[in-house]
Amino acid sequence: MSVNLHERVREVVATTFGVNPRVVTESTRQEDLKNWDSLGHVNLMVAIEGAFDVVLEPEDLSMLTSVPAIVTYLEAQEPPL
Amino acid sequence: MQNEAQAPEIRPEIAEVHALTSSKMSGLVGNEQGNSVNTEGVTCCSPGTSTEHEVRVVSGQPSITTRGRGRDLHGALDAASSAAMRAALPREAVLTLAEMVQLTRRLHDLDEPVGRLRIGIVHTYTSETLDPYLQFEARLQGLDADLYHAPYGVTLQEAENGSGLRKRQPDLTLLLLRWEDLHPSMASPLGSLSGHDRTGLAADLTNAALRLTQAFRNSVAGHIVLTLLPPMTGPGLGLYDPSAPNSEAAWRGNVKAALSNRLAAEIASATFLDLDEMVAEMGRRHCFDARWWYTARFPFTPEAARELARRVIAVGTVLKRPRAKVIALDADNTLWGGGVGEEGVTGIALGPDYPGNVYVAFQRRLLDYQQRGFLLAMCSKNNLADVLEVLQQHPHQILRKEHFAAMRVNWESKSANLRSLAEELNLGIDSFIFVDDSDHECLAIRQSLPEVEIIQVPSRPLEIPGCLDRVARLEILNLTAEDRRRTEMYGQERKRHQLAEAATDVAGYLRSLGMRMRIALDDRRQVPRVAQLTQKTNQFNLTTRRYTEAEIRGFVDAPDWLVAHFSLTDVFGDSGVVGVILTRQTAPSEAEIDTLLMSCRVIGRRAESAFFETVLTVLRDRGVRTVTAYFVPTAKNQLAAQFLPDHGFLRHDNGRYTRDLNLPAPEASRDLPIDVTLEGLELKKKDVREPA
């Protein structure tokens with residue numbers, strides 16, 4: 001389950017920032033991708049919401065700045081993804 | 001939905017997300033290393049990054065689909081062309097951002113864009129986040145969007161020398177402003193102002209918006225689109241607002257009306273795009289998302305971002321794609337339900353009850369497109385008598401014979417019929433929009449006439465009345481008197497044809513028309529129509545030079561230019577303004593024909609000769625002895641190829657022609673059956689300086 005989730009998150013990140021999916025790893029962080037700036041972050045959050053059908057609160061936005069943080073957040077959702 | 005999510009308190013570290021806002025684009029497309037292609041703040045979709053697209057996610061690999069929405073986009077992703085993808089996309093599909101980016105890539109790979117649309121965005125709220133939506137909507141229209149965002153919050157400075165916007169000279173400058181930017185009083189409750197103050201504020205706001213737009217008009221050449229961000233909350237007085245003498249909604253409506261009217265009248269090639277219309281369509285709750293507004297100063301939900309992008313790209317599409325002029329409609333299952341051949345006039349679905357009422361509504365909607373200046377034509381496989389019986393006798397039929405500029409009701413192929421309609425109407429096939437319910441007919445046209453835009457009538461009757469509402473090429477940016485009367489003029493033309501067929505000789509027929517030509521020189525009132533003719537006329541056009549209203553206005557004011565146009569009246573009616581000549585006096589005794597064009601609907605009546613000879617007479621009276629002209633061949637203007645040789649011009653090298661005005665008029669210009677009057681001779685005293 002978790003491997004699949006990792007893969008899907010990496011794919012959304014890669015698609016949103018227009019990079020090769022291989023560039024995005026399980027540990028990719030905001031500072032690793034040039035397009036993942038503050039405004040790119042808004043679109044990534046919009047893309048995550050659309051892809052995983054979740055609603056993020058402002059408090060979440062500033063924490064979801066890496067692939068592992070996003071995966072951990074999604075794993076904690078009820079019902080589990 | 002997420003709109004219901006509240007943003008209870010904004011912690012400082014979250015607010016910083018916005019503080020990082022830069023002048024750079026958010027750069028959604030980059031190269032493999034994850035670096036955006038960033039030159040002076042512009043990132044654009046570079047066609048060179050093909051290696052990336054080969055590893056892109058296509059069907060077969062895990063696709064980014066939305067959990068629980070029960071659909072996927074494989075049909076669209078598997079499409080073999082962008083036209084096929086447009087057809088495969090679910091009509092009202094809500095796409096996630098990732099899906100949209102995927103589809104944009106796929107469109108990028110499928111075919112070469114038919115044009116590039118450079119958009120410059122001047123904004124006082126976050127706009128970079130709109131990029132993936134703008135790219136997607138542009139691609140859907142076959143355009144490659146090249147986006148530039150001015151530095152955040154900078155407005156007037158971008159109109160100045162050396163600004164990024166001026167350097168780029170976009171095709172479309174989009175001003176994303178807020179009411180509050182135009183006047184500081186907008187930050188306080190409007191209810192607190194006296195009636196007098198509110199009137200003053202309305203005038204100040206309008207003037208501020210016009211001044212700002214004018215500053216951009218003076219510094220960029222393309223089209224300007226002005227927007228005001230609608231209020232994110234209801235009026236200050238709540239439910240009571242419409243009853244209040246100081247109603248906020250009524251006040252805002254008045255300001256917008258005054259602003260858009262003055263914008264149209266005073267500033268060339270500028271449009272007010274009313275975002276309240278978008279809010280009306282989607283609802284405020286679905287338009288705005290407090291989370292992005294309070295954390296990143298981006299107001300919109302993804303759905304609203306896409307809708308805004310769609311509207312902006314529609315303006316760009318009208319500017320960059322060939323103009324649509326004709327809506328060619330199928331009859332059975334398009335104008336009415338069922339087949340009139342099998343079910344008879346009384347058996348078709350058309351009337352007050354479902355599903356007949358959706359067809360009544362669609363026909364009513366088609367009249368709106370006719371008011372926008374589009375011609376309706378019919379292209380149906382049927383017996384003509386059956387269709388005519390519906391048009392003439394069905395009590396609920398709205399579109400009658402006179403609403404159609406031309407009809408092809410027979411058993412020929414629809415592609416042959418579209419070609420023949422194009423010939424009859426004297427219009428290019430790329431100006432046709434084909435509306436048909438049949439998969440088979442749509443596919444056949446897509447293959448045989450790829451220039452024709454195809455709208456397949458939805459199989460779900462409820463979607464039929466609105467099926468043309470989102471066709472970008474059916475939007476218009478201005479409307480002239482000629483546009484509104486176009487169908488009527490084509491009806492007159494049909495009667496002329498009938499008379500011509502009955503006549504025994506051409507000269508006798510032309511005399512029987514009783515033609516009167518009115519030529520006007522340097523007429524400011526007709527600047528929009530003259531510009532429109534330079535933009536639309538393809539066939540009878542010597543040089544096919546396209547001019548904006550601002551450029552034409554410049555010619556009217558310039559002492560060395562002459563802007564002449566004509567309209568033609570005959571026993572059947574008035575043509576409106578249908579021909580233009582632009583000349584420039586290059587020396588006291590020399591002039592050059594920059595443009596000579598004429599709408600095809602007055603071809604064959606010797607109007608071009610009468611018009612041209614009269615304008616040459618004006619030039620001769622101003623001392624011109626030698627006139628130079630050029631024929632610049634295009635794929636479409638063969639019709640004008642013989643005009644110069646037939647009118648006494650001698651051919652030189654490089655398509656250059658000259659005529660000596662001292663010589664007598666050529667045979668083509670003698671015994672013209674047209675009575676000519678000339679206006680505006682005194683308007684501009686020509687004061688031609690010696691060439692430097």
Side-chain angles (χ1 to χ4, degrees), chain A residues 1 3-25 28-65 67 70 74 77-81, chain B residues 1-2 4-5 7-11 13-14 16-22 24-36 38 43 49 51-52 55-57 62 64-69 94-99 101-102 105 126 128-129 131-132 290-292 294-296 298 301-302 305:
Chain A
M1 181 64 88
V3 171
N4 183 27
L5 191 60
H6 255 289
E7 237 170 59
R8 289 171 63 203
V9 169
R10 285 165 51 201
E11 199 178 305
V12 172
V13 172
T15 305
T16 305
F17 297 126
V19 297
N20 189 316
R22 284 174 307 203
V23 172
V24 183
T25 68
T28 296
R29 315 183 63 78
Q30 179 164 20
E31 50 273 27
D32 300 333
L33 293 176
K34 187 166 181 190
N35 289 345
W36 193 347
D37 58 10
S38 61
L39 297 173
H41 190 62
V42 172
N43 277 338
L44 177 62
M45 295 295 104
V46 167
I48 293 285
E49 286 193 331
F52 297 98
D53 215 9
V54 291
V55 177
L56 303 172
E57 285 298 307
E59 288 69 15
D60 304 323
L61 304 178
S62 60
M63 295 186 298
L64 300 182
T65 53
V67 171
I70 295 169
L74 292 174
Q77 294 304 298
E78 290 291 332
L81 288 157
Chain B
M1 273 222 42
Q2 59 248 52
E4 275 134 40
E9 52 181 14
I10 308 307
R11 296 191 317 226
E13 64 270 32
I14 295 159
E16 276 171 22
V17 174
H18 172 241
L20 286 168
T21 306
S22 73
K24 307 288 189 267
M25 274 188 39
S26 58
L28 267 131
V29 178
N31 59 21
E32 286 204 36
Q33 284 71 46
N35 299 318
S36 61
N38 205 327
T43 310
T49 54
T51 49
E52 181 192 329
V55 293
R56 111 196 92 70
V57 185
I64 302 172
T65 48
T66 309
R67 205 169 63 126
R69 293 199 196 185
V94 177
L95 301 176
T96 68
L97 188 58
E99 288 167 340
V101 174
Q102 268 190 317
R105 296 267 174 72
T126 300
E128 291 82 350
T129 336
D131 286 359
R291 297 169 308 153
W292 314 125
Y294 290 112
T295 62
F298 180 67
T301 61

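Hydrogens, waters and symmetry mates play no part in the numbers below; they use all other heavy atoms, side chains included.
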Does B:W292 form a side chain to side chain contact (heavy atoms under 4.5 Å, CB included) with A:L61? I'd like the steps, not just the answer. CA-CA 10 Å; B:W292 314 125; A:L61 304 178; 3.6 Å; yes

B:A98 and A:A47 have their tightest heavy-atom pair at N-CB, 4.3 Å

Taken in chain and number order and not counting sequence neighbours, the residues that satisfy side-chain contact (heavy atoms from CB on, under 4.5 Å) with B:A305 are B:L130, B:Y133, B:F298, B:F300

Can you sort out the partners of A:T65 under side-chain hydrogen bond (donor to acceptor under 3.5 Å, both in side chains), two or more places apart, ordered by chain and number? none

The single option from B:T129, B:L97, B:T301 passing side chain to side chain contact (heavy atoms under 4.5 Å, CB included) against A:V46: B:L97

Can you check whether A:V55 reaches B:R291 side chain to side chain, under 4.5 Å on heavy atoms? yes

With B:V101 as reference, evaluate A:T15, A:V12, A:T16 under the side chain to side chain contact (heavy atoms under 4.5 Å, CB included) test and give the passing residue. A:T15

If every non-hydrogen atom of A:A51 is compared with every non-hydrogen atom of B:T96, which pair is closest and at what distance? N-CG2, 4.3 Å

